[in-house]
Every structure is written in structure tokens, then in C-alpha cells.
Amino acid sequence: MLIDCHNHVGADLLFYLHGDFPYAQQLVAMIQEGGALGVTHWVVFPFVSYAAMDTTRFRAGEAGFGSGGLEKVPYAFENRRLLEECHKLFPEEGRKTLPFVMVDPLRETAAQAVELHRLREQYRFHGIKIQSTIIQADIKRLAHEGQVFLELAREWDVPFLIHSSVAESDLWAQASDILDLAEANPDVRFCLAHSCRYDKECLDRVNALPNTWFDCSAHCIHCVGAVDDLPYIAPRSRRFDSDYSRPERVIADIAEAYPTKFMWGSDSPFYSYAAEINHQVVKLISTYEKEVTALKASPPEVVTRIASTNTLAYLKLHDESILS
């Protein structure tokens, strides 16, 4: 069994209209590509922008709220669309998926909770995903307006998977804030995405807390960022020590340092990113094959641990027979 714990399925209208890449991924194509590489199961969730945002501002690359939306409730359409794709349109492929729902921890949270209860009556899902940077929702609001999602995670015994950052310019998804939330809610499980951008202090906190894990989503382009000292990676003074010119070496080193807390995920299709920023094209390009190759360079027992054993401990599935 090889579980890819971080994948987006659907479409992102903000990325598409603003001219950014990637902006879509279809379930069957993802499973065909990943399956050919040896992946057997996928944690999946929607893309990040949602139809209740002000879509009239998407062409300008702006995140707006309160008017101009196609829907009323954040992620109501996107979550239902994902679960219908997995369970109704393509049930054979959907059996290989472990869907998560997306939430906005700041806006219309009570209405979101009502929609999630309705979905829970119809479909299985196994966790809650938050990407608060693009939607400009401070992750600390999860303890306030978003408290209802913490309550649902407890009631349903499902974990959070949260986009994390260490960049000073990111006001919404600081890894340290997510860890503070996890420490304040010891009965809820949390995964911090993107290896906490290789910030050793944060990784050590993940290791110390009993209810936290991290994933290595978009690993190869994060290694490029480390080599080039790009601002989305922890500075060298705080960075986990490894040879970032060799993504497979970094996986091996992190797996050794954090044997029970490290989960493998590709972040498909966001293992690549391309956009025009300040009149310059920025391209960080990897492939699904490169992500899997970096994983499989480790011994089989390590691969099993970080792509199955740890992930199952984090998911805490009520019925693991759904994986067979």
C-alpha cells in the first residue's frame, strides 16, 4: 500500500482566470498517472478558491468576499462536487480515495457546518483541509469563528490537514500558529503541510506533540527553494540540515529524524507552479514521477512507514476495510 496524502481534485477559477498554473485536476487522470507509478490510494480535497468568493475580482488575481459570488456558502459547492465525483461519477476510482472536505475558518462558518452535516449523511469523508493563505483567512480564527470545525473534528474523530508557511509575508498560515492550535486542542489530530518549509524548530514541535504530523507535499520544488534560498523556505539558520540538491536524500534524512510523524504526499497537481509575478514568469516545475522517485529511493521499510503506516495512524480510519 502506498498512500499519497495530499492531492487536489477539481478546478481553481482564481488560478485559471488570473493565468496561473496549475488550475485543475481530474480524478481519473490523477489515479491513472499515480497508479502507474505505484500509488494505491489518494487523500483528495478540492482546490482552494471557491465559488462563494467574489469571482469578478479573479481576473485581477484578487481575493474578494461579500459580493460577486456564484454561491453563498464557502466550499459548499466544491465539497459536494468532489464527493459526487468520487462516489457517484467514478465509484471504482473513488474507492481508492480518502476524501477530505475544505473549509474557510473565518467566513460563514455556521452555514458551512450545516452543509458538512448534510454531506456527512450522504457520503464518507475522512478529514478537514484548510488552505488559508490564498483565501486570506488567518488560521488563528479556527479557535474563534472556526471553532465549530474543531467541534466537528472531535465529534467525527477526523483530522485536519493545514497548509503551513514560515514566510514573513504570509499573515495567514504560520506553522507556529497551527502548532499553537494543536497544542491547545490535544484531542484533535493535525497535519502541517509542506514539511513546515523545513523549519527545524517547527518540525521538532511536531515531533514532540502527540497529535501532530507533517507531510512533504510539493517536496521537489521545495528542495529547489532551499537550494536557491527562496523566501518560502525557512532560512538556513532555522533549516533542517540536509543536502537539498538531492530530494531523495532529504526524504531519507527527515524520515530518520522524525520516524513516526512524517507522511509522504505529492500535492498533485501543485508539485509544479507557474505564474507571472511582477511582469516576470516564475516557474517551479516537478512531475508526479519525480515525487515518487524521490520517495522510492529509500528502503522499502522506510517507504511503507512514511507512505502507509504513519498516514494510517494519522487518519485513524474507523474501518480500514475500505482500503481493500
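Values below: all heavy atoms of this structure, side chains included; hydrogens, waters and symmetry mates excluded. The model shown is predicted, which means the values in this text are computed figures rather than measured ones.
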**OP:** Show your reasoning for whether side chain to side chain donor-acceptor pair (under 3.5 Å) applies to D104 and Y75.
**Re:** CA-CA 8 Å; D104 180 334; Y75 294 115; over 6 Å; no
Original post:
Given the rule in the side chain to side chain donor-acceptor pair (under 3.5 Å) test, do R80 and Q122 qualify, once you have shown the distances and angles that lead to the verdict?
Top reply: CA-CA 10 Å; R80 181 169 292 279; Q122 295 178 268; 3.0 Å; yes
**OP:** Carefully, step by step, assess S266 and N7 under the rule side chain to side chain donor-acceptor pair (under 3.5 Å).
**Re:** CA-CA 7 Å; S266 69; N7 304 274; 3.3 Å; yes
**OP:** For side chain to side chain donor-acceptor pair (under 3.5 Å), just list the numbers for S217 and H194, CA-CA rounded to whole Å, side-chain angles, deciding distance to a tenth of an Å, and then say yes or no.
**Re:** CA-CA 5 Å; S217 46; H194 315 303; 2.9 Å; yes
**OP:** Tell me, with the steps shown, if N79 and E115 meet side-chain contact (heavy atoms from CB on, under 4.5 Å).
**Re:** CA-CA 9 Å; N79 288 330; E115 294 295 333; over 6 Å; no
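Residues F45 and C5 come closest through the heavy atom pair CE2-O, 4.3 Å. A pairwise comparison of heavy atoms in L2 and K296 identifies CD1-CE, 3.8 Å as the closest pair. The nearest pair of heavy atoms linking F65 to R107 is CE1-NH2, 3.3 Å. Of all heavy-atom pairs between A175 and C202, the closest is CB-SG, 3.8 Å. The nearest pair of heavy atoms linking T212 to A182 is CG2-CB, 3.4 Å.
Using a 4.5 Å heavy-atom cutoff, the side chains of V302 and I251 are not in contact. Counting only heavy atoms from C-beta outward, the side chains of M102 and L82 never approach each other to under 4.5 Å. With contacts defined as side-chain heavy-atom distances shorter than 4.5 Å, the pair V44/C86 qualifies. At least one side-chain heavy atom of V292 sits less than 4.5 Å from a side-chain heavy atom of V39. Put simply, the side chain of I3 reaches to within 4.5 Å of the side chain of L312, judged on heavy atoms. In this structure, the side chains of P46 and R81 stay at 4.5 Å or more apart for every pair of heavy atoms. The closest side-chain heavy-atom distance from H163 to D170 is below 4.5 Å. The shortest distance between side-chain heavy atoms of D267 and H8 falls below 4.5 Å.
Seen from the ring of F100, K129 does not count as a face-on cation partner, given the 6.0 Å and 45° thresholds. Under the 6.0 Å distance and 45° angle rule, R197 does not count as a cation-pi partner of Y232.
At least one donor-acceptor pair closer than 3.5 Å links the side chain of N211 to the backbone N or O of N185. In this structure, E248 contributes its side chain and L295 its backbone to no donor-acceptor pair below 3.5 Å. D20 contributes no side-chain N or O that, together with a main-chain N or O of A275, makes up a donor-acceptor pair within less than 3.5 Å. In this structure, S195 contributes its side chain and Y198 its backbone to no donor-acceptor pair below 3.5 Å. A distance-only check finds no donor-acceptor pair linking the side chain of R305 to the backbone of N310 [under 3.5 Å]. Using modelled atom types, one side-chain atom of R239 and one backbone atom of A226 make a donor-acceptor pair closer than 3.5 Å. Proximity of a side-chain donor or acceptor of E78 to a complementary backbone N or O of A51 within less than 3.5 Å is detected. Judged purely by atom type and a 3.5 angstrom limit, T55 uses its side chain to pair as donor or acceptor with the backbone of G68.
Salt bridge D204/K261: absent, no basic N to carboxylate O contact under 4.0 Å. Ion pairing between a basic and an acidic side chain is recognised when a charged N comes within 4.0 Å of a carboxylate O; D138 and R141 show no such pairing. Using a cut-off of 4.0 Å between Lys/Arg side-chain N and Asp/Glu carboxylate O, R154 and D187 are scored as salt-bridged. Checked for salt-bridge contact, R205 and E201 miss the test: no charged N lies under 4.0 Å from a carboxylate O. Note on D177 versus K140: salt bridge recorded, some NZ/NE/NH1/NH2 to OD/OE distance being below 4.0 Å.
Atom OG of S164 sits about 5.0 Å away from atom CD1 of I178, to the nearest 0.5 Å. Atom CG of L37 is separated from atom OG1 of T293 by 7.0 Å, given to the nearest 0.5 angstrom. If you take CD on Q131 and OG on S165, they are separated by 9.5 Å, rounding to the nearest 0.5 Å.
For W156 and F125, the distance between ring centers is under 6.0 angstrom. You'll find the ring centres of H18 and F58 outside the 6.0 Å limit. Aromatic pair F214/Y258: centroids less than 6.0 angstrom apart. Between F15 and F21, the distance from one ring center to the other does not fall under 6.0 angstrom. The aromatic ring centres of F160 and F190 sit less than 6.0 Å apart.
For E145, the CD atom is densely surrounded, since the number of other residues' heavy atoms within 6.0 Å is greater than 12. For D157, the CG atom counts as densely surrounded, since its 6.0 Å shell holds more than 12 non-hydrogen atoms of other residues, nucleotides or ligands. Heavy-atom contacts from other residues, nucleotides or ligands closer than 6.0 Å to CD of E256 number 12 or fewer. Annotation: E155, atom CD; neighbour count of heavy atoms from other residues, nucleotides and ligands within 6.0 Å is above 12. Counted within 6.0 Å of OH on Y123, heavy atoms from surrounding residues, nucleotides or ligands total more than 12; the atom is thus considered enclosed.
When L192, D215, I130 are each tested for a side chain to side chain contact (heavy atoms under 4.5 Å, CB included) with L161, only one passes: D215. Applying the ring-ring contact (aromatic ring centres under 6.0 Å, His included) test between F47 and each of Y16, F270, Y23 identifies F270 as the sole match.
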